[in-house]
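The block underneath contains the structure these notes are about, expressed in structure tokens.
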Amino acid sequence: MSKLLTVFGATGMQGGSLIHHILNRPELSKLFQLRGITRDASKQAAVSLRERGVEIVQADLSDPVSLEPAVAGSYAVFAVTNYWDNGSCSAAIEIAQGKAVADAAVQAGVALLIWSSLPNITEITNGAVTTIHHFDSKAEVETYIRGLPITAAFFMAGWYMQNHKFLMPPKKNDDGTVVFSQTWSPTTVVPMIDITDTGKFVTPILLNPDKYNGKSFTCATAFYTPIQLVDGWTTVTGRTVTYEQIGSDKKQGNLTAEMQKQLKDSTEGINTWSYFGPNGEKDLEWTLAQLEEKLTSWEEFLRNNEPWFPEA
Ligand SMILES: NC(=O)c1ccc[n+]([C@@H]2O[C@H](COP(=O)([O-])OP(=O)(O)OC[C@H]3O[C@@H](n4cnc5c(N)ncnc54)[C@H](OP(=O)(O)O)[C@@H]3O)[C@@H](O)[C@H]2O)c1
């Protein structure tokens, strides 16, 4: 009999990607029935999922009472919070939501909880950097989950490739040249994930929860320098794209002022402590060795997401 997998963030990138991954693979669809959680079952993304056979349940991570019925009967729960939701940008809200969904999973007797986590930057930097709230808050929830009586594993997403399609794309200058601007030094390495690969990382955990109990997956295709990113655009689009390192106070792409303020330290920090900390490259190597499916390279992502500079 198939087991119920409940996915938070079903209408978003991480949760939605996991659902699509399972729906697109008959061997996984046979094993897992899907339930997607949303605050608004009438939104188009939820309706489309229902049309594909996903059970849609309405619940709100900020309303603990709604969470127990949302996870009831589940074999596994994939839980992701959105720190940036509606510009809330609140560690306290994210921590409360994460703990509430974990408590609900324990109460409902869920066998496996997969938490979308991130590294604790305060710990990685020995207290030198304490302002990367959207990382530390997820890590605090992870620590809480590790103390609960539930089998759990942790999905830590790298820097989304999608950030540079929607939020921080390269910009065309008046003279027709195209420039990619970021705060990273040209030699900094950034772990990049095509977030539509989420299911490729989560599937091994779903299939072998005991093996991965307590393990953290460091999720990216590879570490890329900004120079490799612009070389990718140049190869794929045929337009020369150059890299410009900018100060973190300069306006970046389509970020809101609050997002830019909050991301300032983390984008700068990637230059020094790196995104996943000092063991990031080794941890990524371990994670990649657990996977069955090939991940999307930066160049493949660029080809899959054309056009880039249609009127350049
Ligand atoms: N961008 C990056 O490079 C990056 C890297 C690593 C980690 N992250 C983290 O990824 C997280 C966002 O995940 P995502 O990219 O998948 O988000 P997304 O595409 O923006 O979607 C957000 C999802 O969260 C759901 N959601 C938000 N608030 C909710 C609530 N109170 N109750 C129930 N569901 C709620 C939304 O559902 P409804 O609106 O349908 O209710 C939606 O499905 C953030 O916390 C961010 O820090 C981002």
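Keep in mind that what you see is a predicted model, and the values were worked out from it rather than measured. Numbering of ligands and ligand atoms starts at 1, following listing order.
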Quiz prompt | Carboxylate-amine/guanidinium contact Glu293 Lys200, below 4.0 Å | solution = no
Quiz item: For ligand 1, does Phe8 get within less than 4.0 Å through its side chain, its backbone, both, or neither, judged by non-hydrogen atoms?
Solution: neither
Practice problem: Only heavy atoms count here, so choose which of Tyr83, Tyr160, Phe155 is nearest to atom 13 (O) of ligand 1. | Solution: Tyr160
Quiz item: So is Glu94 in contact with ligand 1, going by heavy-atom distances below 4.0 Å?
Solution: yes
Self-check item: Heteroatom proximity flag, Arg39 to ligand 1, N/O under 3.5 Å
Solution: yes
Quiz item: Looking at atom 19 (O) of ligand 1, what's its closest protein heavy atom, distance included?
Solution: Met13 N, 2.8 Å
Quiz item: Evaluating non-hydrogen atoms only, which member of Val190, Leu167, Leu61 is closest to atom 32 (N) of ligand 1?
Solution: Leu61
Quiz item: At what distance is the nearest protein heavy atom to atom 37 (O) of ligand 1, and which residue and atom is it?
Solution: Thr11 OG1, 3.2 Å
Quiz prompt | Electrostatic pair Glu142:Lys138 at N-O distance under 4.0 angstrom | solution = no
Self-check item: Presence of salt bridge, Glu94 and Lys99, under 4.0 angstrom
Solution: no
Practice problem: Taking atom types as modelled, find out whether Ser62 and Gln97 have a side-chain donor-acceptor pair closer than 3.5 angstrom. | Solution: yes
Quiz item: Which residue owns the protein heavy atom closest to atom 7 (C) of ligand 1, what's the atom, and how far is it?
Solution: Leu118 CD1, 3.9 Å
Quiz item: Do you see a donor-acceptor pair shorter than 3.5 Å between the side chains of Ser116 and Gln14?
Solution: yes
Quiz item: Aromatic rings Tyr275 and Trp159: how do their planes relate, parallel, tilted or perpendicular, breaks at 30° and 60°?
Solution: perpendicular
Practice problem: Give the residue, atom name and distance (to 0.1 Å) of the protein heavy atom nearest atom 25 (C) of ligand 1. | Solution: Gly9 CA, 4.0 Å
Self-check item: Residue-ligand contact Ser17/ligand 1, heavy atom below 4.0 Å
Solution: no
Self-check item: atom 20 (O) of ligand 1 - nearest protein heavy atom and its distance
Solution: Asn82 ND2, 3.6 Å
Quiz item: Does the pair Glu300/Lys294 count as a salt bridge with the N-to-O cut at 4.0 Å?
Solution: yes
Quiz prompt | Parallel, tilted or perpendicular, as decided by the 30° and 60° cut-offs, for the rings of Trp298 and Trp308 | solution = tilted
Quiz item: Based purely on interatomic distance, does Trp159 place a nitrogen or oxygen under 3.5 Å from a nitrogen or oxygen of ligand 1?
Solution: no
Quiz prompt | Gln162 near ligand 1 by a heavy-atom separation under 4.0 Å | solution = no
Quiz item: Is there a nitrogen or oxygen of Ile37 sitting under 3.5 Å from a nitrogen or oxygen of ligand 1?
Solution: no
Quiz item: What residue and heavy atom of the protein are closest to atom 21 (O) of ligand 1, and at what distance?
Solution: Gly12 CA, 3.3 Å
Quiz item: Is Tyr275 in polar range of ligand 1, meaning some N or O pair under 3.5 Å apart?
Solution: no
Exercise. List the steps and the verdict of side chain to side chain donor-acceptor pair (under 3.5 Å) for Gln290 and Tyr212.
Key: CA-CA 10 Å; Gln290 312 311 311; Tyr212 295 115; 2.9 Å; yes
Practice problem: Examine the proximity of ligand 1 to Thr81 and report which part, side chain or backbone, both or neither, has a heavy atom under 4.0 Å away. | Solution: backbone
Practice problem: Spell out, as yes or no, whether a donor-acceptor pair under 3.5 Å connects the side chain of Glu68 to the backbone of Ala104. | Solution: no
Quiz item: Any idea which protein heavy atom is nearest atom 16 (O) of ligand 1, and the distance to it?
Solution: Gln14 N, 2.8 Å
Quiz item: Regarding Asp194 and Thr196, is there a side-chain donor-to-acceptor distance under 3.5 Å anywhere?
Solution: yes
Quiz item: Where's the contact between Phe166 and ligand 1, heavy-atom distance under 4.0 Å: side chain, backbone, both or neither?
Solution: neither
Quiz item: Glu244 and Ser181: side-chain donor and acceptor closer than 3.5 Å?
Solution: yes
Self-check item: Short N or O distance, His134 and ligand 1, threshold 3.5 Å exclusive
Solution: no
Quiz item: At what distance is the nearest protein heavy atom to atom 47 (O) of ligand 1, and which residue and atom is it?
Solution: Lys138 NZ, 2.8 Å
Quiz item: With a 6.0 Å cut-off on ring centres, are Trp286 and Phe217 close enough?
Solution: yes
